[in-house]
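First comes the structure, then the notes that go with it.
Count residues from 1 along the sequence.
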Amino acid sequence: MKLSILYRGPLSSCDYACGYCPFAKTRNTAAELADDAARLRRFVGWTAQRSEHSVGILFTPWGEALIRRHYRDALTELSWMPHVRRVAVQTNLSARLGWLGKANPEKLALWCTYHPSQVKMADFVAQCSELARRGFRYSVGIVGLKENFDAMQELRQLLPADTYLWVNAYKRVADYYSPSDVTKIEAIDPLFGLNNQYHRSLGEECAAGETAFSLDGDGNMYRCHFIKRKIGNIYEGDNGMERALKPRLCENTVCGCHIGYVHMKRTGAEKIFGEGILERIPVRSPKELLQASSLVD
């Protein structure tokens with residue numbers, strides 16, 4: 001079975017202080033970090049025993065994982081497991097990158113977010129260049145706030161042309177973008193239209209709960225991060241995971257987050273992203289995506 005696992009343990013601390021984030025500049029205690037590390041080690045050990053499956057893992061922590069050694073060690077170990085096809089992590093890219101020298105660049109990929117209020121653009125771009133120098137796949141993103149428009153345009157100019165720069169639509173305010181705003185953003189992220197909407201999802205076919213699922217630090221399985229009904233536990237009984245997975249239709253009215261709707265079959269995201277779906281890297285290059293969108297227009 002080809003599985004996609006979205007892991008989110010109890011880690012809830014970050015070294016950044018973004019105004020819109022509830023975990024900005026929070027700190028876990030030493031005991032909490034030790035507990036998070038123990039749960040992560042258990043998950044890595046469980047994954048090592050799942051050699052009968054093709055496993056993809058995306059770490060989606062409530063905070064910054066790469067400043068914690070136990071996450072760096074886990075990513076490195078997972079990247080060398082033969083049956084793990086991809087391991088990816090969402091990160092602000094603030095951590096030093098020397099640890100990547102021990103990781104497998106063919107398996108490990110990074111989903112990187114630039115926060116203009118927290119780091120100099122030159123420093124962030126330098127980190128991206130280091131990833132490229134070391135041969136690791138990565139995507140770069142930015143929250144699509146209007147005050148970030150200049151930053152996203154400059155970032156597009158500074159990043160390599162073949163690096164996908166995605167823009168997370170700000171959907172908390174209705175009709176936040178004017179038509180000219182959308183045009184401006186789509187010149188940077190040709191796939192912005194896929195994110196700038198709440199996808200109708202009620203009754204739709206979705207891989208969530210069938211071949212993709214979210215997981216907490218206790219091993220509890222959920223269809224996705226947005227349907228908080230437990231469907232099983234990977235540590236309970238023989239083949240507990242396999243028994244929990246089956247085809248399911250979505251029971252939410254809409255789905256507005258990338259890590260959710262990419263698993264919904266109607267969106268076509270599987271074809272758009274292919275094997276890069278966990279790290280948010282599309283099959284086509286940014287240039288090819290722009291050309292394709294201009295042909296459609």
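- Side-chain contact check for Trp99 and Thr76: no donor-acceptor pair (N or O, by modelled atom type) lies under 3.5 Å.
- Put simply, Val84 and Trp80 are part of two different groups of oily side chains (I, L, V, M, F, W, Y) that touch within less than 4.5 Å, one to the next.
- Figure legend: cation-pi geometry between Lys230 and Tyr222 absent, as NZ or CZ is not positioned both under 6.0 Å from the six-membered ring centre and within 45° of its axis.
- The CG atom of Leu33 lies 5.0 Å from the CG atom of Asn28; values are rounded to the nearest 0.5 Å.
- Residues Ile188 and Tyr176 are members of one and the same hydrophobic cluster, defined by side-chain heavy-atom contacts under 4.5 angstrom among Ile, Leu, Val, Met, Phe, Trp and Tyr.
- Side-chain atoms of Glu64 come within 3.5 Å of backbone N or O of Asn92 as a donor-acceptor pair.
- Side chain to side chain, Gln90 and Thr113 fail the donor-acceptor criterion of an N or O pair below 3.5 Å.
- Taken to the nearest 0.5 Å, the SG atom of Cys224 stands 8.5 Å off from the CD1 atom of Ile259.
- Across Gln153, Glu147, Glu154, a single residue satisfies side-chain contact (heavy atoms from CB on, under 4.5 Å) together with Asp150, and that is Gln153.
- Other residues, nucleotides and ligands contribute only 12 or fewer heavy atoms inside 6.0 Å of the NZ atom of Lys271.
- Under a cutoff of 6.0 Å and an axis angle of 45°, Arg8 and Phe59 do not form a cation-pi pair.
- With contacts defined as side-chain heavy-atom distances shorter than 4.5 Å, the pair Glu279/Tyr138 does not qualify.
- Scanning all heavy atoms of the two residues, the minimum distance from Leu75 to Ala88 falls at CD2-O, 4.5 Å.
- Note on Leu158 and Phe124: same hydrophobic cluster, where clusters join Ile, Leu, Val, Met, Phe, Trp and Tyr whose side-chain heavy atoms are under 4.5 Å apart, directly or indirectly.
- When side chains are defined from C-beta on, Ile234 counts as touching Met241, because their heavy atoms get closer than 4.5 Å.
- Side-chain N or O atoms of Trp166 include none that pairs as donor or acceptor with a backbone N or O of Ile281 at under 3.5 Å.
- Under the 3.5 Å distance criterion, the side-chain polar atoms of Asn252 are matched with a main-chain donor or acceptor of Phe226.
- Judged by distance alone, the side chain of Asn233 and the main-chain N or O of Tyr235 form a donor-acceptor pair under 3.5 Å.
- Using modelled atom types and a 3.5 Å distance limit, the side chains of Asn104 and Ser79 yield no donor-acceptor pair.
- At most 12 heavy atoms of other shown residues, nucleotides or ligands fall within 6.0 angstrom of atom CZ in Arg284.
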Chi angles and distances behind the side chain to side chain contact (heavy atoms under 4.5 Å, CB included) call for Ile57, Leu78: CA-CA 9 Å; Ile57 303 166; Leu78 289 165; 4.0 Å; yes

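- For the pair Ser13 (side chain) and Arg27 (backbone), a donor-acceptor distance under 3.5 Å is absent.
- Contact record, Ile231 with Gly209: CD1-CA, 4.3 Å, taken as the closest heavy-atom pair.
- Glu251 and Arg229 are joined by a salt bridge, as a carboxylate oxygen and a charged side-chain nitrogen come within less than 4.0 angstrom of each other.
- A donor-acceptor pair shorter than 3.5 Å can be found between the side chains of Arg85 and Ser4.
- Interatomic distance, Asp123 CG to Gln127 CD, rounded to the nearest 0.5 Å: 8.0 Å.
- Of all heavy-atom pairs between Asn195 and Val167, the closest is OD1-O, 3.8 Å.
- Defined by atom type and a distance below 3.5 Å, a donor-acceptor pair is present between the side-chain atoms of Thr60 and His225.
- In this structure, the side chains of Ile142 and Pro116 come closer than 4.5 Å at one or more pairs of heavy atoms.
- Using a 4.5 Å heavy-atom threshold, the side chains of Leu249 and Cys206 count as separate.
- For the pair Tyr114/Leu93, no side-chain contact is recorded, criterion being any heavy-atom separation below 4.5 Å from C-beta on.
- Atom CD of Glu106 has 12 or fewer heavy atoms from other residues, nucleotides or ligands within 6.0 Å.
- With respect to Arg266 and Glu205, no salt bridge is recorded, no charged nitrogen being found less than 4.0 Å from a carboxylate O.
- The hydrophobic clustering, which links ILVMFWY residues whose side-chain heavy atoms are closer than 4.5 Å, places Met121 and Leu165 together.
- Atom CG of Asn148 is separated from atom OG of Ser117 by 8.0 Å, given to the nearest 0.5 angstrom.
- The aromatic rings of Phe43 and Trp46 sit parallel, their planes meeting at an angle under 30°, below the 60° perpendicular limit.
- In the hydrophobic cluster analysis, where Ile, Leu, Val, Met, Phe, Trp and Tyr join through side-chain heavy atoms closer than 4.5 angstrom, Ile227 is grouped apart from Met221.
- Within a 6.0 Å radius of CZ in Arg243, more than 12 heavy atoms belonging to other residues, nucleotides or ligands are found.
- For CZ of Arg134, the number of neighbouring non-hydrogen atoms (other residues, nucleotides, ligands) closer than 6.0 Å is greater than 12.
- Here Lys265 does not pair with Glu204 in a salt bridge; the nearest charged N to carboxylate O distance is not below 4.0 Å.
- Salt-bridge formation is not detected for the pair Lys184/Glu186: no Lys NZ or Arg NE/NH1/NH2 atom is positioned less than 4.0 Å from an Asp or Glu carboxylate oxygen.
- With a 4.5 Å cut-off on side-chain heavy atoms, Ile185 and Phe149 count as touching.
- In terms of modelled atom types and a separation under 3.5 Å, the side chain of Asp216 and the main chain of Gly219 share a donor-acceptor contact.
- When side chains are defined from C-beta on, Leu131 counts as touching Leu100, because their heavy atoms get closer than 4.5 Å.
- Classified by interplanar angle (parallel below 30°, tilted 30° to 60°, perpendicular above 60°), the ring pair Trp111/His258 is perpendicular.
- Looking at Lys2 and Glu275, a side-chain N of the basic residue comes within less than 4.0 Å of a carboxylate O on the acidic one, giving a salt bridge.
- Remark: side-chain polar atoms of Thr183 are paired, donor with acceptor, to backbone N or O of Pro179 under 3.5 angstrom.
- Donor-acceptor pairing under 3.5 Å is lacking for the side chains of Asn196 and Tyr170.
- Side-chain contact between Leu215 and Leu6 is absent, with no heavy-atom pair separated by less than 4.5 Å.
- We find that Asp181 and Lys146 are joined by a salt bridge, their nearest charged nitrogen and carboxylate oxygen being less than 4.0 Å apart.
- Of all heavy-atom pairs between Arg248 and Ala208, the closest is CB-O, 4.5 Å.
- Asp36 and His70 share a donor-acceptor pair across their side chains, judged by distance under 3.5 Å alone.
- Residues Pro286 and Ala161 come closest through the heavy atom pair CG-O, 3.4 Å.
- Note: Met1 CE to Glu210 CD = 8.0 Å, rounded to the nearest 0.5 Å.
- Looking at Asp189 and Tyr164, their side chains do bring a donor and an acceptor atom within 3.5 Å of each other.
- Under the 3.5 Å distance criterion, with hydrogens and angles disregarded, a donor-acceptor pair is assigned to the side chains of Glu242 and His53.
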Audit row: Phe213, Tyr7, ring pair (Phe, Tyr, Trp, His ring centres under 6.0 Å) steps and yes/no: CA-CA 9 Å; Phe213 62 93; Tyr7 180 91; over 10 Å; no

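- Looking only at distances, a side-chain donor or acceptor of Glu32 sits under 3.5 Å from a matching main-chain atom of Thr29.
- With values rounded to the nearest 0.5 angstrom, Met264 atom CE is found 6.0 Å from Cys255 atom SG.
- Panel note: side chain Arg72, backbone Leu66; a donor-acceptor pair is recorded below 3.5 Å.
- The backbone N or O of Leu194 sits less than 3.5 Å from a side-chain atom of His199, completing a donor-acceptor pair.
- His83 approaches Ala48 most closely through the heavy-atom pair CE1-O, 3.7 Å.
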